[in-house]
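See below for the structure under consideration.
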Amino acid sequence: MHMRTAVVLAAGKGTRMKSRRPKVLHEVAGRPMVHHVLEALAACDVTQPVLVIGHGGDQVQACLGERAVYAWQQEQLGTGHAVMMARPLISEQVQTVMVVCGDTPLLTGATLAALWQCHEEKGAMATVLTALLDNPTGYGRIIRDEMGNVAAIVEEKDASETQKAIREINSGTYCFERAALFSALDEITPANAQGEYYLTDVLAIFRQRGGFVAAHKIDDNQEIVGINSRQQLAEAEAVLQNRLRRKWMDAGVTMIDPASVWLNAQVKIGSDTIIYPNTILEGDTVIGEGCTIGPATRVRDSRIGNHGVVQNSIVLESEVGNDCSVGPFAYLRPGTVLSDEVKVGDFVEIKKSVIGQGSKVPHLSYVGDATVGTGVNIGAGTITCNYDGEKKHSTTIHDGAFIGSNTNLVAPVVIGAGALVGAGSTISKDVPAGALAVERAHLKVKEGYRSGHKQKKSSD
Ligand code: UD1
Ligand code: CA
């Protein structure tokens, strides 16, 4: 068996991002760019690659945790030097080492798998992932010999005019035979225009030793783009969003206006769901089958069951059962759990509450820290008064209760099963099952109280 691992280079500063955050932690499709690289490696069975960290390394390590093992590069002396830092963490049993940059979030697992395959088939000492670009400026150029084999890579800053005209470039992704790589790295020097230890210099050394260097040309040039600026970050975002939208449309999701739908990379959407414009599905969100989501809806870290309707609403860290209707203009805050067939209507806010099957909160309510049974109706304008200025208290409403409009439920309070609360009441004591509770001042009507304001005769 050929043992493989990978080294991910992520120690650079990313000066052009103008950020306090390390470059590789900037997000595309809702997750750090380096995380996309790790996902692509995981798709070819490389788990826990060696991540070379430097600038903001503590933050990178805190963010990625066990997904990688870490090698520190305190001073960024070049890509060759960076790979040397990974050496102590790579077992002698490893035969092949892939090297990838942490700032290329568009690289796919399929491309990396094709690179491994090409490397193994050709029995090369190194295989470089290359691309043919119309504008190769800034990249290292691939120098081929008269046989068409890779002879060397020359950096833009060290290249002659003839070399600069070469359009085939080094993507910065490679496979290397481990033993050959580390012994060649011992020989490289920083004698070049940038005074850096170039990883690319090992290729010429391989050739001197009689080794064969292969090139694998990529089909889709977009994949190799490295992110150096916020503009490139936005461009990568657009590419990834397109990929994600296509993936879900292929899986049976309708998007009325795909360009206005934003998806996190790990979102899942069931078939026959229709997504209306201006919808954002963030974090670990799972949408069931046959739902209608949007327009203008944001769902983050939530589950929506099958056949749900969520329109013009915000749903955060909540669980929504099957056949529920949410919105327009509802706000489900963290800890909300709606069972099946629940209706949460317009201008309703629910926080950290469980709403039982078939219950309805149709209009203008605040329900917080509450447990609501099945078949409950909560009238318009009902408020759970859950906060006394110091502590939060809970409200329990048992099955089949009916809460009249404009009720204040002063928590802690329990409304028994089937109880009826009269409209406009402020309920500060528990109401037993089946009881009627009304709290209303006696209505006084004093006729003729204001002279000159006698009722006019109705004209309609
Ligand atoms: C490198 C290649 C170039 C290739 C290009 C593709 C070399 C010498 N050149 O150039 O042929 O076309 O990538 O994008 O390798 N890094 C470290 N430590 C360092 C230096 C860099 O971790 O000391 C990391 C960076 O964070 C980055 C990656 O290595 O993720 C590439 O470094 P960068 O400086 O962008 O290399 P280029 O000069 O662009
Ligand atoms: Ca670069």
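Values below: all heavy atoms of this structure, side chains included; hydrogens, waters and symmetry mates excluded. Atoms within a ligand are numbered from 1 in the order they appear, just like the ligands themselves.
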Would you say T200 has any N or O atom under 3.5 Å from an N or O of ligand 1, going by distance alone? no

May I ask you to say whether E237 pairs ionically with R230, meaning some side-chain N is under 4.0 Å from a carboxylate O? no

We want to know whether Y174 and N170 form a side-chain donor-acceptor pair, criterion being a heavy-atom distance below 3.5 angstrom. yes

Under 4.0 angstrom from ligand 1, any heavy atom of H81? no

So the atoms of ligand 1 within less than 4.0 Å of a heavy atom of A10 turn out to be 22 (O)

Atom indices of ligand 1, in the order listed, that fall short of 4.0 Å to a heavy atom of L77: 23 (O)

For G140, atoms of ligand 1 separated by under 4.0 Å from a heavy atom: 3 (C), 4 (C), 11 (O), 12 (O)

Answer yes or no: is there a side-chain heavy-atom contact under 4.5 Å between I314 and L332? no

Could an N or O of ligand 1 be found under 3.5 Å from any N or O of N170, whether backbone or side chain? yes

Is G12 in polar range of ligand 1, meaning some N or O pair under 3.5 Å apart? yes

Can you name the atoms of ligand 1, numbered from 1 with element, that are less than 4.0 Å from a heavy atom of L9? 22 (O), 24 (C), 29 (O), 30 (O)

As an exercise, identify every atom of ligand 1 less than 4.0 angstrom from a heavy atom of A82. 17 (C), 18 (N), 22 (O)

So for atom CZ, which belongs to R31, do other residues, nucleotides or ligands contribute more than 12 heavy atoms lying within a distance under 6.0 Å? yes

Is the shortest side-chain N to carboxylate O distance from R207 to D145 below 4.0 Å? yes

Hydrogens and angles aside, do T79 and E196 bring a side-chain donor and acceptor to less than 3.5 Å of each other? no

Under 3.5 Å, is there a donor on one side chain and an acceptor on the other for H307 and E289? no

Counting heavy atoms only, name the option from Q194, E75, Q73, K23 that's nearest to atom 19 (C) of ligand 1. Q73

G78 N/O under 3.5 Å from ligand 1 N/O: yes

Carboxylate-amine/guanidinium contact E282 R298, below 4.0 Å: yes

Would the distance check show the side chain of N386 and the main-chain N or O of S394 forming a donor-acceptor pair, the cut-off being under 3.5 Å? no

Proximal candidate to atom 14 (O) of ligand 1 [heavy atom criterion; set S171, G226, A71]: S171

Would you mind listing which atoms of ligand 1 come within a distance below 4.0 Å of any non-hydrogen atom of T79? 7 (C), 8 (C), 15 (O), 20 (C), 21 (C), 29 (O), 31 (C), 32 (O)

Would you say S302 and E319 are linked by a side-chain donor-acceptor pair, where the criterion is simply a distance under 3.5 Å? no

Counting each atom of ligand 1 from 1 as listed, which ones have a heavy atom of C101 under 4.0 Å away? 28 (C), 30 (O), 31 (C)

Under 3.5 Å between some N or O of ligand 1 and some N or O of E155? yes

Pair D186, S183: side-chain N/O donor-acceptor within cut-off below 3.5 Å: no

Out of curiosity, is V52 lining ligand 1, as in a heavy atom under 4.0 Å away? no

Any N or O on A11 sitting closer than 3.5 Å to an N or O of ligand 1? yes

